[in-house]
Amino acid sequence: MESDSSTFTKLLLGPGPSTVPDRILKAMANQTISHLDPEFFKILDETSENLRLLFKTKNEATFAVSGTGSAGMETVFANLIEKNDKVLIFNNGLFGDRMADVAARYGANVLEYKKDWGTSFKTSEMINQIDQCDNLKIVAIVHAETSTGVLQDIKNIGNHLKEKEILFVVDAVTSFTGAELKIDDWGIDVCYSGTQKCLNVPPGLSPITFNDRSLEKITKRKSKVVSWYLDMNLLQDYLGSNRIYHHTAPVNMLFALNEGLKICLEEGLTSRITRHNQVGKYFDKKLESSNFKPFVNIDESKSLPMLKSLILPKDFDDSLVRLKILNERKIEIGGGLGSTKGKIWRVGLMGCNARNDIVDLFFETTRDYL
Ligand code: PLP
């Protein structure tokens, strides 16, 4: 039986993947060409150039890793960490936990500075922690903690680390193109993202950027990068001007990403971020008169514009209601993770779904089920 894509049409208001616009689906449906075809190299070049514009960086080493956001995370730690390197991770959620786990697997001596889920770190507190550690090699943090809906202020950390020759790594899987992020101005050495959040591209690639300082650490390594697939020294031979075969790039995913980036640039990065902010605020306003409460303590921390976390009313059957809404209204809403499972919802307003009428639809729909 032929599959009908409309059978699966759902409004994706979870933590990602987000809804994919037809324009991106069409780009993805182009006939596959070789990953060594000069025409494809043009797509790779264009993708890197557009990623640079959106990351706000001049970094030459800016491209998409083959694999989801977690592959971006692994690429960073696999390449930057040598045995027993001290890595400080500011951890206030599930993706902070994951960073610590991944860094440890690559041999790091991981130090974690933890805070409760739903809270964020003050810049002064972070700088204090950093200054108390000797011989740190890397500081890593999640910009938009998707497990809690907290936006972390990272503007003033990177430039403080520059004086100390410590690399600053940022996870921008959820924030990229939906919240302000300035790689060069904020002194971020390495940053990775994912395609399935504010870019509205299907999951499968991880945009990433490395500056010269971070590449120098990689070229000066005493030991080989443990992962062959993610080794930047090898990857750069394909991605750079040499174009030497490394692995078969996921050609159609790159068609999709290339189109997604064009859509962002046509709207304009500033307008796109402003739209996410305005819709996020509209959501917060409507939340005040709903049966939900914000999970993020908004007096102390900023909530994400593109992902709202809500405390559910008491005795609320989370999974049953979400399943009913998914089946009957074709709307996906995200549940909580870890200790918040069954207690919170996570509502994604990402990319093309960052719209006031979608916020209205969310509140109207959920009212019927509460
Ligand atoms: N980091 C953050 C902040 C995320 O939200 C996610 C996924 O939701 C990841 C990393 C991992 O990305 P992926 O699931 O695409 O591997």
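Any value given below was found using the heavy atoms of this structure, including those in side chains, with hydrogens, waters and symmetry copies removed. Each ligand, and each atom within it, is numbered from 1 in the order the structure gives.
Looking at ligand 1, you won't find any N or O of Val142 less than 3.5 Å from one of its N or O atoms. Residue Arg98 places no N or O, backbone or side chain, under 3.5 Å from any N or O of ligand 1. Residue Tyr192 has no N or O atom closer than 3.5 Å to an N or O atom of ligand 1.
Under a cutoff of 6.0 Å and an axis angle of 45°, Arg105 and Phe77 do not form a cation-pi pair.
With salt bridges taken as basic N to acidic carboxylate O contacts below 4.0 Å, none links Arg213 and Glu216. Residues Glu259 and Arg23 are paired through a salt bridge, judged by an N-O separation under 4.0 Å between the basic side chain and the carboxylate. Taking a cutoff of 4.0 Å between a charged side-chain nitrogen and a carboxylate oxygen, Glu288 and Lys286 do not qualify as a salt bridge.
Regarding atom 6 (C) of ligand 1, its nearest protein heavy-atom neighbour is Phe95 CE2, 3.2 Å. Ranking protein heavy atoms by distance to atom 1 (N) of ligand 1, first place goes to Asp171 OD2, 2.6 Å. Of the protein's non-hydrogen atoms, the one nearest atom 5 (O) of ligand 1 is Thr146 OG1, 2.4 Å. Lys197 NZ, 2.6 Å is the protein heavy atom nearest to atom 8 (O) of ligand 1. Distance from atom 15 (O) of ligand 1 to its nearest protein heavy atom, with residue and atom name: Gln196 NE2, 2.7 Å. Counting only heavy atoms of the protein, atom 11 (C) of ligand 1 lies nearest to Ser70 OG, 3.3 Å.
Heavy-atom contacts from other residues, nucleotides or ligands closer than 6.0 Å to NZ of Lys343 number 12 or fewer.
Set against the non-hydrogen atoms of Thr174, the atoms of ligand 1 under 4.0 Å away are 5 (O).
Between the side chain of Arg329 and the backbone N or O of Ile331, no donor-acceptor pair lies under 3.5 Å. Looking only at distances, a side-chain donor or acceptor of Asp189 sits under 3.5 Å from a matching main-chain atom of Phe168.
Taking the side chain as every heavy atom from C-beta outward, Phe292 and Ile311 never approach each other to under 4.5 Å.
Contacts of Glu145 with ligand 1, taken as heavy-atom pairs under 4.0 Å, are absent altogether. Contact annotation for Ala144 and ligand 1: only backbone heavy atoms (N, CA, C, O) come within less than 4.0 Å of the ligand.
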